[in-house]
Protein chains: 4
Amino acid sequence: MARRAPTEPRKFASQERSRATVDALVEATARILVKEGFDKASTNRIAEVAGVSVGSLYQYFPGKEALVAAVDERHKQQVMQTVRGELAGILDQPVEQGVRKIVALAVKAHRVDPKLHRVLAEQIPRVGKLEALGTFNRENYTLFRTYLESRQHELRVDDLDLASFVCVTTIEALTHNAVLHHPKMLSGDMMEALIDEAARLVTGYLKR
Amino acid sequence: MARRAPTEPRKFASQERSRATVDALVEATARILVKEGFDKASTNRIAEVAGVSVGSLYQYFPGKEALVAAVDERHKQQVMQTVRGELAGILDQPVEQGVRKIVALAVKAHRVDPKLHRVLAEQIPRVGKLEALGTFNRENYTLFRTYLESRQHELRVDDLDLASFVCVTTIEALTHNAVLHHPKMLSGDMMEALIDEAARLVTGYLKR
Amino acid sequence: MARRAPTEPRKFASQERSRATVDALVEATARILVKEGFDKASTNRIAEVAGVSVGSLYQYFPGKEALVAAVDERHKQQVMQTVRGELAGILDQPVEQGVRKIVALAVKAHRVDPKLHRVLAEQIPRVGKLEALGTFNRENYTLFRTYLESRQHELRVDDLDLASFVCVTTIEALTHNAVLHHPKMLSGDMMEALIDEAARLVTGYLKR
Amino acid sequence: MARRAPTEPRKFASQERSRATVDALVEATARILVKEGFDKASTNRIAEVAGVSVGSLYQYFPGKEALVAAVDERHKQQVMQTVRGELAGILDQPVEQGVRKIVALAVKAHRVDPKLHRVLAEQIPRVGKLEALGTFNRENYTLFRTYLESRQHELRVDDLDLASFVCVTTIEALTHNAVLHHPKMLSGDMMEALIDEAARLVTGYLKR
DNA sequence: GATGAATGAGCGTTCATTCAT
DNA sequence: GATGAATGAACGCTCATTCAT
């Protein structure tokens, strides 16, 4: 039943076009979010900035919320790309060094697109489809738990779920707060100091 | 209901009335925020629930943001009332016991009006006059720093600003996260476990 | 508790203002309906023609449908005003004359605002709140049934409900059709002829 | 599925395909009209349900109105097929029996696809190209007039145009109203009663 | 002071129609 | 012919704010 066409050119062209439109919309949303804030991110504005008609916006996204969710998702992916790569080399390091690197990595993660991260964290109302958006980052939690498992012999804690919750929450809060609300902490020696403190905090808690 | 003796100045009655109106408006805003969410908290609706005309609302508040800020302020006052009172008895306790009580107090603080706390934390866009709303709680920070000063002989840390930042951020994040996103943690033994962990985390970091 | 004010001027003025706005909106809707059709009767357009803001429109009407329903209601009232007055003098007339006058009255009723009547009949989708709009006219039915009751001794029919249904439907259809789709029938002798025919049709059916 | 002998012209296949597409579109329109109403019958939706692209829709129909008109036309054809067949056997019957059968036939006609009939009657705005859609059914009128001509010797009426108008309008209105708004009338004895009444009404009017 | 009717910019969304592929 | 992505005018509606009374 399949019609043979030369390397399916029609569909491909079409797919490319669609993809470009979707990307432009997500990108436009992110830009408006960063430059003008959530309030200004109206569907018409987003479409305009994306160089696309509102109609097309609704062809690909059921509404404004879906666009913001897509931006959040894209941002998370970008961050996780950084994290996952570097984390590989940390997995077999002892807690002392490993935790420090994880903290440093968390700082790095918060610097991927700090302005966007901030808007996402502070301006998006957790309502409707966006309700679950900012909730506890499950992947971070899982990754960290995996690390703890491989280092269990070094640890004084037995409830790894609880320990992961404590550590991930702590590291996330410290780096988030430092990057977003105390940027001066992140320059020069201060950054090293903060990382040291956070690492010591967590290491002391974990190590036997 | 008899007319008051002319001794009682009109101005007072008027002041009382103003105060009542303001209170009714703040209370109405808080109720709507909790029951229906930020989206539904329109000025007209707030005035209606407060039993007051929109016009009067604008007599006492420059706009919607001011009302939400007032709700936030009132909530913070209520929390700090709890905190300040209990904190007095903690100030002269050694770190080991003191920190544990502070953590427990933080949990208690998050339970003053958790629904309102949640709406304030998750639905209010940090924009315009509300931008500073969710920022680092200065008073908590100051109080904690004072405690550290009085206990400095027990501590291994010298930079009390940095240590306060680390501790307050950590305690706040853990209790906030637990209350808002892991409510099961806050019931029965789990709560004790969490408090123990958090206290150990912080104590281990601080103590010599 | 009631504040005494000189003949309640505030409330009255306010009531008058509201009433004027409501009237202007209904009138504007009717005018647009007649001159441009249902499709053009958008809420913004209606408000504009009424010399009022859209906001005010929504202060008084929950939506477009309610406005059309109000126009329909107003039209029905105007028609029934004509009908009820003249019908009084017919009630005690024998079927022969009575029915003829009722038919003539039906023609008159269809001429109250034929253009509006037509739009209401032909362009308003019977959907949502407007679903019941054009349904069988209960008052006409009741009035006619009352007439039949008072003339029962002259009639060959016993089921007055059925007879009323038959007669009202017939008279309504004939006059409606004639006025709206065969206007030439309604000028000069033709009108008399039609009325004669309709009257004879119904009389023959009813009379013993 | 083997390729046809070249005898069969391509053009025919093409014509067949066109015809199938047109049918699918009209059928899809009818189905949506019945199941979801006129409001939901957007061109995109129609094309989707028909399994055809919007572009193809516009290849065969100049616009949405044309589709609805085609549905109406098809429905009318289906009804008239029923009517014409049965009417043949009535033509030479005396008024007494003939009219009764015509009324019964009108009821039957209204039951061909009552849901579609209803949507067509109540939801389609008589505007633009659809303006003439609900107008007086000329064919019914002609057919009935023909019948009257052949029975003229039995009749007391001379103006057969006028009489046809009166009768067709009456029968149409009664059956339409009964089917659409008083469905209980159309079940069991009630239906017979209604047909009797309508037949008597019209016969009494016509017969010498 | 208090009232609440009025405002109108601007929002999210739909859909008949077009046209490059 | 067929496709379906793209268009954009226009719709119904909301709500923070104003101001005549």
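Note on naming: letters A, B, ... go to the chains in the order of the sequence lines (proteins, then strands), and numbering restarts at 1 for each one. Computation of the quantities below employed the complete heavy-atom set of this structure, encompassing side-chain atoms and omitting hydrogens, waters and symmetry-equivalent molecules.
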How many Å lie between [atom1] on [X] and [atom2] on [N], as a whole number?
X: A:R17; N: F:dT3; atom1: CZ; atom2: C1'; result: 11 Å
X: D:L67; N: E:dC15; atom1: CG; atom2: P; result: 15 Å
X: B:L130; N: F:dA16; atom1: CG; atom2: P; result: 13 Å
X: A:D39; N: F:dA16; atom1: CG; atom2: C1'; result: 12 Å
X: B:L57; N: F:dC19; atom1: CG; atom2: C1'; result: 15 Å
X: C:K40; N: F:dG12; atom1: NZ; atom2: P; result: 13 Å
X: B:Q59; N: E:dG1; atom1: CD; atom2: P; result: 6 Å
X: D:E48; N: E:dA16; atom1: CD; atom2: P; result: 13 Å

Q) So which nucleotide from F:dT18, F:dA9, E:dA16 ends up closest to the side chain of B:V54? A)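 Given the options F:dT18, F:dA9, E:dA16, the side chain of B:V54 is closest to F:dT18.
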With a cut-off of less than 4.0 Å, is there a side-chain N or O of [X] near OP1 or OP2 of [N]?
X: D:T43; N: E:dA16; value: yes
X: C:Y60; N: E:dA6; value: yes
X: B:S53; N: E:dG4; value: no
X: D:Y58; N: E:dT17; value: yes
X: A:T21; N: F:dA6; value: yes

**Q.** Earlier contact from the 5' end, DNA chain F, for B:K64 and D:S56
**A.**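 Nearer the 5' end of the strand: D:S56.
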Q: For A:N44 and for D:G51, find the nucleotide of DNA chain F with the closest heavy atom, then tell me which residue's nucleotide is more 5'.
A: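 Here D:G51 is the residue nearer the 5' end.
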Q. Under a 4.5 Å cut-off applied to non-hydrogen side-chain atoms, are B:V26 and B:F61 in contact?
A.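 Heavy-atom side-chain distance check passes, below 4.5 Å.
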**Q.** Contact check, side chains of D:R118 and C:R126, non-hydrogen atoms, under 4.5 Å
**A.**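 Result no, sub-4.5 Å side-chain heavy-atom pair not found.
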Do the side chain of [X] and the main chain of [Y] share a donor and acceptor less than 3.5 angstrom apart?
X: B:T29; Y: B:L25; answer: yes
X: B:S53; Y: B:S56; answer: yes
X: A:Q123; Y: B:P125; answer: no

Q: Please figure out whether B:V52 or A:S42 has its closest DNA chain E nucleotide nearer the 5' end.
A: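 First, find each residue's nearest nucleotide; the 5'-ward one identifies B:V52.
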Q: Can you run through DNA chain E from 5' to 3' and write each base as (, ), [, ], | or . depending on how it pairs? Watson-Crick or G-U wobble, both distances under 3.5 Å.
A: .||||||||||||||||||||
**Q.** salt_bridge(C:E36, C:R31) N-O dist < 4.0 Å
**A.**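 Judged by the 4.0 Å cut-off on N to carboxylate O distance, C:E36 and C:R31 do not form a salt bridge.
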(Q) Here's one to test your reading of the geometry: is the NZ or CZ of A:K64 within 45 degrees of the ring axis of A:F38 and under 6.0 Å from its centre? (A)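 Satisfied, under 6.0 Å and within 45°.
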